[in-house]
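All remarks here apply to the structure that follows.
Only heavy atoms go into these numbers, but all of them, side chains included; no hydrogens, no water, no symmetry mates. A note on names: the letters A, B, ... follow the listed sequences, proteins ahead of strands, and every chain is numbered from 1.
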Amino acid sequence: MATTAAIAPFRVGLKELYLPDFSVILHRTPGLPAHNAKFTVPLWFSKLDLRDYLYHAYNVRILSVRSYVKQQRIIEGDPKNPRPQPNRWHRPRAHKHMIVELEQPFVWPEEPEDYSAWNREEVKDSEAEQKKYGELMQPMGDAVVNEERRKSMREQAKALLEGRLKWKPTTSRSVGSMLSR
Amino acid sequence: MATMHCTSRALLTGAFGSAFHRSSTLPPSFLIPCLATKSPASPFSTSPSSNARKDGNPSRGVSALHHTGPGKRQKLRSITPSQLPQPVRDPERRTAIVTDPDHGLWGFFNKERTSMPTPMDLVNHGRGWKTQELRGKDWEDLHRLWWVCVKEVNRLETFLGEKRRVGSMFGDFEAEGRMKVIYATQKAIREVLTQRFYAWENARVAAMDDVEVNLYADPEKGEQAYVPREEPEQLEADANEGTLLYSPPPPEGMNRGPEVRI
């Protein structure tokens, strides 16, 4: 690991912050050149703060910083809460992003070839299943057509009409059958 | 077909045919204004045009970031526009950028330097530090441990950000479990420092009332902060030392039964 230089390449602030409680997130930016890096920082962060943070914590020197605040869209309830909370409309806290020009280029490591270690296929299948089930829970849920059932019913009706199947009364095995003698 | 202005000389010459070339035949007098080369022009709209955007900046619209190229008013005296180097647009023809292995941004990644840790890697952790274990550590060690925790949280958040970009995979639960352990460690560090401060504060408050302690002593000058005073009641205190915790011994002639042990 390279050692931090004794003197910073910029004028260091006088305010010392100990035991920080925030996180700085690095993002992969395929659209930006290798000398650029994008970070998500706390909303109260300034460009000077990021320059100082990157230098002292990670020994990364930068040439310039650009920042922007991205407003979040209005949402209903808490997305982390599995229980739906309708009509609790609010706008979550905005995110601040900073794009930095590095002195030394940095290329992100390659994406893994297959995501089997993260069980990607299983999650995709479960999400599709959830989506299908979720459609039934919507207000227009009763308008959703089950094509498989339709096909099965059509086949059964055809078989009955052609005489391949004979109609039999359904024998229910539930408790109700005892009462309905 | 390009539209031609009514004052076009060519159009009129064509219309009149060869008759126009003869100097003897002149065009009708009512067509003389049409032959004027520069007709008076006036804008269609009569409302005054706003020059709000005309700031006179010669570099207006010229941007290196957006690859506009040199503007019309930019004069390249050393080279001509054709001599300007062209960017290599084909990614395969570009020189590969080699990342320095000592780059500071590797701190946002795990030891193997993969783009994302697997759930098996994330779950591979122990428990957090306990308050009892941290009490013996000095400020330097605690501060260092705190920053280790902060960097690990940054690493996990970076993983979650990348996971959000790719989408549809496991790893949330494992990362959350790892973060809980880190937060427990940070909580223990804060607890130890708080207790240490409270002990110091209590000692300071007690010392203010204590006669034997001199809070204004300067150790560099050799002044003692704690100067114990000799008291005359010390001898009596020594005799009774240790006996106050226990009850006084029973009298000598007392009839103690067979079950009494002392």
Side-chain angles (χ1 to χ4, degrees), chain A residues 1-4 18-30 33-41 53-62 66 80 95 97 100-128 130, chain B residues 65 91 94-110 112-122 139 142-143 145-147 149-172 174 176 179 182-183 186-187 189-190 193:
Chain A
M1 268 301 193
T3 53
T4 322
Y18 293 97
L19 310 179
D21 201 20
F22 57 84
S23 60
V24 169
I25 308 163
L26 173 67
H27 295 283
R28 184 196 284 271
T29 45
H35 280 265
N36 285 55
K38 182 176 161 185
F39 299 92
T40 300
V41 296
Y53 185 89
L54 287 175
Y55 177 77
H56 287 112
Y58 289 94
N59 192 26
V60 168
R61 290 162 180 244
I62 61 171
R66 303 198 297 271
K80 285 180 188 173
H95 295 154
H97 303 278
V100 132
E101 202 184 328
L102 304 160
E103 275 190 20
Q104 307 293 326
F106 183 83
V107 179
W108 263 67
E110 291 284 323
E111 275 187 68
E113 277 151 16
D114 73 322
Y115 287 96
S116 56
W118 293 268
N119 251 348
R120 190 136 189 243
E121 294 306 318
E122 191 184 315
V123 176
K124 269 188 187 170
D125 290 339
S126 84
E127 277 177 6
Q130 292 270 5
Chain B
L65 284 174
R94 287 182 198 148
T95 50
I97 294 162
V98 178
T99 314
D100 180 20
D102 289 334
H103 204 291
L105 287 183
W106 284 119
F108 284 94
F109 298 89
N110 53 9
E112 294 86 37
R113 296 193 170 177
T114 54
S115 71
M116 282 199 296
T118 64
M120 289 302 287
D121 296 333
L122 288 169
W139 160 249
L142 291 173
H143 194 214
L145 181 59
W146 182 276
W147 271 99
C149 294
V150 165
K151 284 189 157 183
E152 186 61 27
V153 167
N154 286 354
R155 226 167 277 143
L156 288 167
E157 291 281 8
T158 302
F159 156 67
L160 290 172
E162 176 70 0
K163 181 184 163 299
R164 223 172 283 131
R165 189 190 70 87
V166 176
S168 298
M169 61 173 75
F170 286 133
D172 276 328
E174 289 81 6
E176 211 176 302
M179 283 224 240
I182 296 165
Y183 291 147
Q186 287 182 316
K187 189 181 171 187
I189 294 169
R190 262 200 303 268
L193 291 169

Salt bridge B:Glu162-B:Arg165, side-chain N to carboxylate O under 4.0 Å: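 Yes, charged N to carboxylate O under 4.0 Å.
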With sequence neighbours excluded, what pairs up with B:Asn110 under the side-chain contact (heavy atoms from CB on, under 4.5 Å) test?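 Listed in chain order: B:Glu112, B:Thr114, B:Pro117.
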A:Ser126: partners by side chain to side chain donor-acceptor pair (under 3.5 Å), with sequence neighbours left out: none
Determine the option with the most heavy-atom pairs under 4.5 angstrom with chain A, choosing from [options].
{"options": "B:Leu105, B:Ile189, B:Val153, B:Val150", "result": "B:Leu105"}
{"options": "B:Asn154, B:Asp100, B:Leu142", "result": "B:Asn154"}
{"options": "B:Pro119, B:Gly167, B:Gly161, B:Pro101", "result": "B:Pro119"}
{"options": "B:Ser115, B:Cys149, B:Gly171", "result": "B:Ser115"}

For the candidates [options], which exhibits the highest count of non-hydrogen atom pairs separated by less than 4.5 Å from chain B?
{"options": "A:Tyr58, A:Phe22, A:Phe39, A:Tyr115", "result": "A:Tyr58"}
{"options": "A:Glu121, A:His27, A:Gln104", "result": "A:Gln104"}
{"options": "A:Ala34, A:Ala37, A:Ala57", "result": "A:Ala57"}
{"options": "A:Val24, A:Leu102, A:Asp21, A:Thr40", "result": "A:Val24"}

Please classify the contact between A:Glu127 and chain B as side chain, backbone, both or neither, with a heavy-atom cut-off of under 4.5 Å. side chain
Contact origin within B:Lys151 toward chain A - heavy atom pairs under 4.5 Å: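 For B:Lys151, the contact with chain A is made by backbone and side chain together.
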Side chain, backbone, both or neither: which part of B:Leu193 has a heavy atom under 4.5 Å from chain A? side chain
Start with the C-alpha distance between B:Arg155 and B:Glu152, add both sets of side-chain angles, then the distance that settles salt bridge (Lys or Arg N to Asp or Glu O under 4.0 Å), and finish with yes or no. CA-CA 5 Å; B:Arg155 226 167 277 143; B:Glu152 186 61 27; 2.5 Å; yes
In terms of the angle between their ring planes, are B:His143 and B:Trp139 parallel, tilted or perpendicular, with boundaries placed at 30° and 60°?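 Parallel.
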Euclidean distance, B:Lys163 NZ relative to B:Met169 CE, rounded to 0.5 Å: 7.0 Å
From B:Glu176 CD over to B:Tyr183 OH, what is the distance, rounded to the nearest 0.5 angstrom?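 Taking CD in B:Glu176 and OH in B:Tyr183, the distance rounds to 9.5 Å.
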A:Glu103 CD: over 12 foreign heavy atoms closer than 6.0 Å: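 More than 12 within 6.0 Å, yes.
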